[in-house]
Novice: 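Before I ask anything, here is the structure I am working with.
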Protein chains: 2
Amino acid sequence: MSLRKEILEVSKEILIKDGFGKMSMRKIAGRCGVSATSIYLHFKNKDDLLLALIEESIENLKQALMEVLDPAKSMIDQLEVLARTYISYALEHPQEYEVIYMVRPEEMPKYPKEKFRDVRSAYELLADIIRKGKREESLDVESSLISAYTLWAQLHGVVSVILNKRLDTRIPQDQFIEQAIDHIIKGFVIQKTPA
Amino acid sequence: MSLRKEILEVSKEILIKDGFGKMSMRKIAGRCGVSATSIYLHFKNKDDLLLALIEESIENLKQALMEVLDPAKSMIDQLEVLARTYISYALEHPQEYEVIYMVRPEEMPKYPKEKFRDVRSAYELLADIIRKGKREESLDVESSLISAYTLWAQLHGVVSVILNKRLDTRIPQDQFIEQAIDHIIKGFVIQKTPA
DNA sequence: GAACAGAGGTTAACAGTGTTAAGTAAACTT
DNA sequence: AAGTTTACTTAACACTGTTAACCTCTGTTC
């Protein structure tokens with residue numbers, strides 16, 4: 001196996017097990033049986049390595065979402081199962097999920113550009129469902145793509161509150177998730193308010 | 001002025017100007033004219049200092065929210081202006097906002113307990129509006145407190161996507177915010193679906 | 001075959017980090 | 001006056017990401 005791939009695997013292993021704080025270049029290198037500087041032959045710097053990990057993590061999340069997609073179901077049902085899956089996945093793979101939103105902007109000024117086509121495709125996945133829902137008039141949106149991002153943002157918010165332990169101790173996590181999904185989905189479906 | 005207070009002020013100054021990454025103990029100490037170790041006489045460690053900053057930041061955010069509260073308006077309108085204010089505040093004070101959600105869980109295992117009454121009171125602020133909306137049957141919620149957390153989470157998600165520069169370059173930020181607020185608010189108002 | 005170029009690694013070092021242990025000097029208490 | 005406490009200091013430990021310089025093996029070209 002190439003060292004590059006081994007670095008990625010080991011990094012991810014450390015990341016998932018011990019969190020980002022413990023993921024040092026020397027530790028990664030040590031576990032690969034090489035010196036720390038060798039990593040710099042395969043990655044520009046730590047952020048660059050992190051970027052590769054982010055891509056992987058998003059790809060995995062996207063995969064998890066795709067697996068629960070069921071064209072037989074209604075768009076609303078699909079949206080709900082996607083929301084549920086997103087949250088479950090994030091809570092079951094907290095360390096990996098955190099990577100996705102961890103790298104701070106100042107450390108990576110020119111984020112998208114060529115890379116991150118996978119990332120976009122993950123959003124397109126949601127946008128597609130929403131677009132279909134819009135066509136069959138079960139969903140109430142203006143721009144499907146923007147709504148996809150909105151949905152994603154809302155889900156991330158819910159996950160973030162839980163992972164960062166910001167949830168009130170009085171509130172049962174399950175109940176919070178259920179109510180959050182309710183609110184989020186309701187925000188997307190057609191409102192048939194009688195004149 | 002007490003050194004403790006000066007440390008807090010200087011920390012915040014550095015944090016807002018240069019971001020968390022540049023906020024080192026030695027730098028704070030240097031700018032206070034003392035040695036780095038002095039900080040440990042007033043704060044248990046860096047996380048502890050950060051916690052104090054988080055409290056302050058949340059208090060400021062809460063203050064900004066309280067200022068736009070207007071009992072004359074409908075609950076739905078108030079909810080909307082709160083949402084708008086939350087997002088604006090976060091985007092206008094990005095470094096300060098980031099503090100609120102930055103400290104990672106593993107670094108602070110026992111978060112709430114005695115402290116953070118202010119934090120809770122910020123949520124209660126939202127919960128109050130929601131509770132009133134529920135009473136006058138303009139809002140559709142089960143638990144007001146949980147819905148308050150849900151609203152907060154959703155708003156944080158929207159902000160987070162923008163601050164972390166995860167928004168698609170094709171999407172105008174303003175339009176994203178507008179559509180997000182629409183979806184979020186809609187998720188809370190009563191749905192009068194005709195049987 | 002000899003000379004060269006580059007790939008893929010090395011060690012040593014720099015400048016920085018959070019944090020602790022031990023020491024000091026002034027102020028308060030008895 | 002002696003002792004204790006308070007608020008600080010310096011020195012050091014064990015790390016961090018990153019760079020410069022060096023080495024060694026491989027493949028290519030004359």
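Just so you know, these numbers use all the heavy atoms, side chains as well, and skip hydrogens, waters and symmetry mates. In what follows, every chain begins at residue 1, and chains take the letters A, B, ... in the order their sequences are listed.
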Novice: Less than 4.0 Å between a side-chain N and a carboxylate O, is that true for A/Lys5 and A/Glu9?
Specialist: no
Novice: Give one of base, sugar-phosphate or nothing for A/Ser24, where a contact means two heavy atoms less than 4.0 Å apart.
Specialist: sugar-phosphate
Novice: Between D/dT9 and B/Ser35, is there an OP1 or OP2 to side-chain N/O distance shorter than 4.0 Å?
Specialist: yes
Novice: At less than 3.5 Å, do the side-chain atoms of A/Arg26 and the base atoms of D/dG17 form a donor-acceptor pair?
Specialist: yes
Novice: With a 4.0 Å limit, can you tell me whether B/His42 has a side-chain N or O closer than that to the phosphate oxygens OP1/OP2 of D/dA7?
Specialist: no
Novice: Measure the distance from CD1 on B/Ile28 to P on C/dG18 and round it to the nearest whole Å.
Specialist: 8 Å
Novice: Please check this pair: side chain of A/Lys134 against backbone of A/Glu142, looking for a donor-acceptor N/O pair closer than 3.5 Å.
Specialist: yes
Novice: We want to know whether B/Tyr149 and A/Asp168 form a side-chain donor-acceptor pair, criterion being a heavy-atom distance below 3.5 angstrom.
Specialist: yes
Novice: In whole angstrom, what separates A/Leu41's CG from D/dA21's C1'?
Specialist: 13 Å
Novice: The side chain of B/Tyr40 is closest to which nucleotide in this list: C/dT19, D/dT9, D/dT18?
Specialist: C/dT19
Novice: Find the distance B/Leu3:CG to D/dT9:C1' and express it as a whole number of Å.
Specialist: 13 Å
Novice: CZ of A/Arg4 versus C1' of C/dG9: gap in Å, rounded?
Specialist: 17 Å
Novice: Can you find a donor-acceptor N/O pair under 3.5 angstrom joining the side chain of B/Thr37 to the base of C/dT20?
Specialist: no
Novice: Taking CG from B/Leu49 and C1' from C/dT17, how many angstroms apart are they, rounded to a whole number?
Specialist: 15 Å
Novice: Can you measure B/Lys44 atom NZ to C/dG18 atom C1' for me and round it to whole angstrom units?
Specialist: 14 Å
Novice: Of the options C/dT19, D/dA7, C/dT10, whose atoms approach the side-chain atoms of B/Met25 most closely?
Specialist: C/dT19
Novice: Quick check: does any side chain N or O of A/Gln179 sit under 3.5 Å from a backbone N or O of B/Thr150, one acting as donor and the other as acceptor?
Specialist: no
Novice: How close or far is atom P of D/dG17 from atom CE of A/Met23, stated in whole angstroms?
Specialist: 8 Å
Novice: Round to the nearest Å and state the distance from A/Phe43 atom CZ to C/dA7 atom C1'.
Specialist: 17 Å
Novice: Tell me whether B/Arg31 is salt-bridged to B/Glu6, with the criterion being a basic N under 4.0 Å from an acidic carboxylate O.
Specialist: no
